[in-house]
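All chains are named by letter (A, B, ...) in the order of the sequence lines, taking the proteins before the strands, and each is independently numbered beginning at 1.
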Protein chains: 2
Amino acid sequence: MGATKSEHFTEKQNQIATLAKALGHPARVAIIQYLLKVDTCICGDIVNELPLAQPTVSQHLRELKSAGLIKGNIEGNSICYCIDETALEIFKQFFAHVEDGLDEKKKRCC
Amino acid sequence: MGATKSEHFTEKQNQIATLAKALGHPARVAIIQYLLKVDTCICGDIVNELPLAQPTVSQHLRELKSAGLIKGNIEGNSICYCIDETALEIFKQFFAHVEDGLDEKKKRCC
DNA sequence: AACCTTTATCGTAATATTGCAATATTAAAA
DNA sequence: TTTTAATATTGCAATATTACGATAAAGGTT
């Protein structure tokens with residue numbers, strides 16, 4: 001096989017997995033960190049920041065975009081990439097939920 | 001090609017990516033959620049909770065374990081799996097950092 | 001127009017992941 | 001000791017990901 005059986009899991013589980021998967025590569029973590037670091041969203045030099053060829057970076061950007069972690073607006077002949085806070089909100093919510101679950105458990109095990 | 005060029009990225013970037021990748025599959029999200037839901041850590045019925053064959057579940061558990069998201073103690077002839085809070089702490093820290101970065105940016109763009 | 005810059009897409013090779021049947025391992029139970 | 005139950009490992013097929021050279025597309029600049 002090799003294909004994930006997404007249809008057997010809940011929408012929420014697939015959503016979290018998709019976001020996590022998008023963040024599951026150091027280049028994509030680096031891109032997110034860079035977008036946070038630079039002052040403006042008028043980027044266009046992401047390629048120079050990464051130790052990867054331009055087509056590879058473009059591919060990583062597309063994956064981040066399709067997962068909803070970033071958004072890109074065309075700005076003249078370059079593109080302005082930004083972090084999409086909606087996705088981060090979902091992530092944050094999941095971890096808050098995990099945290100709550102752990103607090104509950106503390107009372108009776110491990 | 002096909003292999004991630006980890007050596008070109010920082011240790012932190014690789015660490016976050018590894019954790020995120022481990023969570024990047026709905027079955028593994030489901031496992032984490034299940035470990036949070038059940039009352040005790042004396043599990044052993046994770047296989048029955050998932051719509052996947054036993055060897056597949058075992059493999060997912062191993063991946064979560066090697067990423068540091070869960071730990072497993074042998075308990076008689078079954079195994080007691082628990083969430084490893086250390087990994088979650090790293091994750092939480094990363095998102096806090098992202099949050100801070102976004103607050104900074106709010107002042108001047110997008 | 002001809003040219004440059006920036007980003008995307010295509011094609012392809014190398015490698016990784018997903019999933020499961022078959023089988024092994026381990027320890028408790030009978 | 002034989003059996004049973006729980007989990008791991010092996011081997012393999014199907015599919016996905018990663019990376020990049022070559023090339024295309026789109027918008028500026030001269």
Side-chain angles (χ1 to χ4, degrees), chain A residues 1-9 13-14 17-31 34-35 38 41-67 70-82, chain B residues 1-9 13-14 17-31 34-35 38 40-67 69-82:
Chain A
M1 322 283 154
T4 297
K5 293 190 156 183
S6 324
E7 66 278 11
H8 293 319
F9 299 97
Q13 285 163 347
N14 281 307
T18 300
L19 288 175
K21 195 171 181 179
L23 207 63
H25 190 290
R28 296 195 288 265
V29 173
I31 289 171
Y34 180 66
L35 285 180
V38 294
C41 285
I42 301 134
C43 314
D45 51 354
I46 298 179
V47 172
N48 305 317
E49 285 293 314
L50 293 179
L52 295 170
Q54 181 268 322
T56 310
V57 174
S58 184
Q59 200 173 295
H60 282 306
L61 286 167
R62 187 174 49 183
E63 266 165 78
L64 283 171
K65 200 168 159 188
S66 89
I70 64 173
K71 20 182 196 180
N73 305 67
I74 297 164
E75 188 95 6
N77 76 339
S78 83
I79 290 187
C80 152
Y81 278 113
C82 286
Chain B
M1 322 280 150
T4 297
K5 293 190 157 182
S6 323
E7 66 279 10
H8 293 319
F9 299 96
Q13 284 163 350
N14 281 306
T18 301
L19 288 175
K21 196 172 179 178
L23 207 63
H25 191 289
R28 296 195 288 265
V29 173
I31 289 171
Y34 180 65
L35 285 180
V38 292
T40 69
C41 285
I42 301 133
C43 313
D45 51 353
I46 298 180
V47 172
N48 305 319
E49 284 294 313
L50 295 178
L52 295 169
Q54 180 269 323
T56 309
V57 174
S58 182
Q59 199 173 297
H60 282 307
L61 286 167
R62 186 170 53 183
E63 266 166 79
L64 283 171
K65 200 169 162 187
S66 90
L69 279 165
I70 64 173
K71 17 181 200 182
N73 306 66
I74 296 165
E75 188 95 9
N77 75 339
S78 82
I79 290 187
C80 151
Y81 279 111
C82 286

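Of the listed nucleotides (D/dT18, C/dA8, D/dT9), D/dT9 has the atom at the smallest distance from the side chain of B/R62. Considering only the side chain of A/T56, D/dA19 comes nearest among D/dA8, D/dA19, C/dC20. Listed candidates were D/dA19, D/dT7, C/dG19. Nearest to the side chain of B/Y81 is D/dT7. Among C/dA22, D/dT18, C/dT7, the nucleotide with an atom closest to any side-chain atom of B/P55 is C/dA22. In the set C/dT18, D/dA8, C/dT9, C/dT18 carries the atom at the smallest distance from any side-chain atom of B/Q59.
If you measure from atom CD of A/E7 to atom C1' of C/dG19, you get 12 Å, rounded to the nearest angstrom. For A/H25 and D/dA16, the NE2 to C1' distance is 13 Å, given to the nearest whole Å. Taking atom NE2 of residue B/H8 and atom C1' of nucleotide D/dT18, one finds them 13 Å apart after rounding to whole Å. As rounded to whole Å, 15 Å separates atom P of D/dA5 from atom CG of B/D45. When the P atom of D/dT9 is taken as reference, atom NZ of B/K65 falls 9 Å away, rounded to whole Å. Rounded to a whole Å, the NZ atom of B/K5 is 14 Å from the C1' atom of C/dT15. Remark: C1' of C/dA21 and CG of B/L52 are 15 Å apart, rounded to the nearest angstrom. Between B/R28 atom CZ and C/dT18 atom C1' the separation is 9 Å, expressed in whole Å.
If you find the closest nucleotide of DNA chain D to A/K21 and to A/A53, the one lying nearer the 5' end belongs to A/K21. Nearer the 5' end of DNA chain C, as judged by each residue's closest nucleotide, is the contact made by A/S58, out of B/A3 and A/S58. Along DNA chain D, the nucleotide closest to B/L61 and the one closest to B/S6 are compared, and the more 5′ of them pairs with B/L61.
OP1 or OP2 of C/dG19 has at least one side-chain nitrogen or oxygen of B/H60 nearer than 4.0 Å. Taking only side-chain nitrogens and oxygens, B/S78 never comes nearer than 4.0 Å to OP1 or OP2 of D/dA6.
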- Message: What verdict does the side chain to side chain contact (heavy atoms under 4.5 Å, CB included) test give for A/R28 and A/L23, after you've listed the backbone C-alpha separation in whole Å, the side-chain angles of each residue and the deciding distance to 0.1 Å?
- Response: CA-CA 6 Å; A/R28 296 195 288 265; A/L23 207 63; 5.6 Å; no
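Residues B/V47 and B/L52 are not in side-chain contact: their nearest non-hydrogen atoms beyond the backbone lie 4.5 Å or more apart. The closest side-chain heavy-atom distance from B/P26 to A/T4 is below 4.5 Å.
Residue contacts for B/E63: at a heavy-atom cut-off of 4.0 Å it reaches the sugar-phosphate backbone alone, with no base atom in range. Within the nucleic acid shown, B/T4 comes within 4.0 Å of sugar-phosphate atoms alone, with no base atom in reach, counting heavy atoms only.
Among all heavy-atom pairs drawn from B/A22 and B/E63, the shortest one is CB-O, 4.4 Å. The minimum heavy-atom distance linking A/Y81 with A/I70 is given by the pair CD2-CD1, 3.7 Å.
Here the CG atom belonging to A/L19 is positioned 11.0 Å from the CG atom belonging to A/N14, to the nearest 0.5 angstrom.
Taking 3.5 Å as the limit, the base of D/dA8 and the side chain of B/Q54 contain a donor-acceptor pair of atoms between them.
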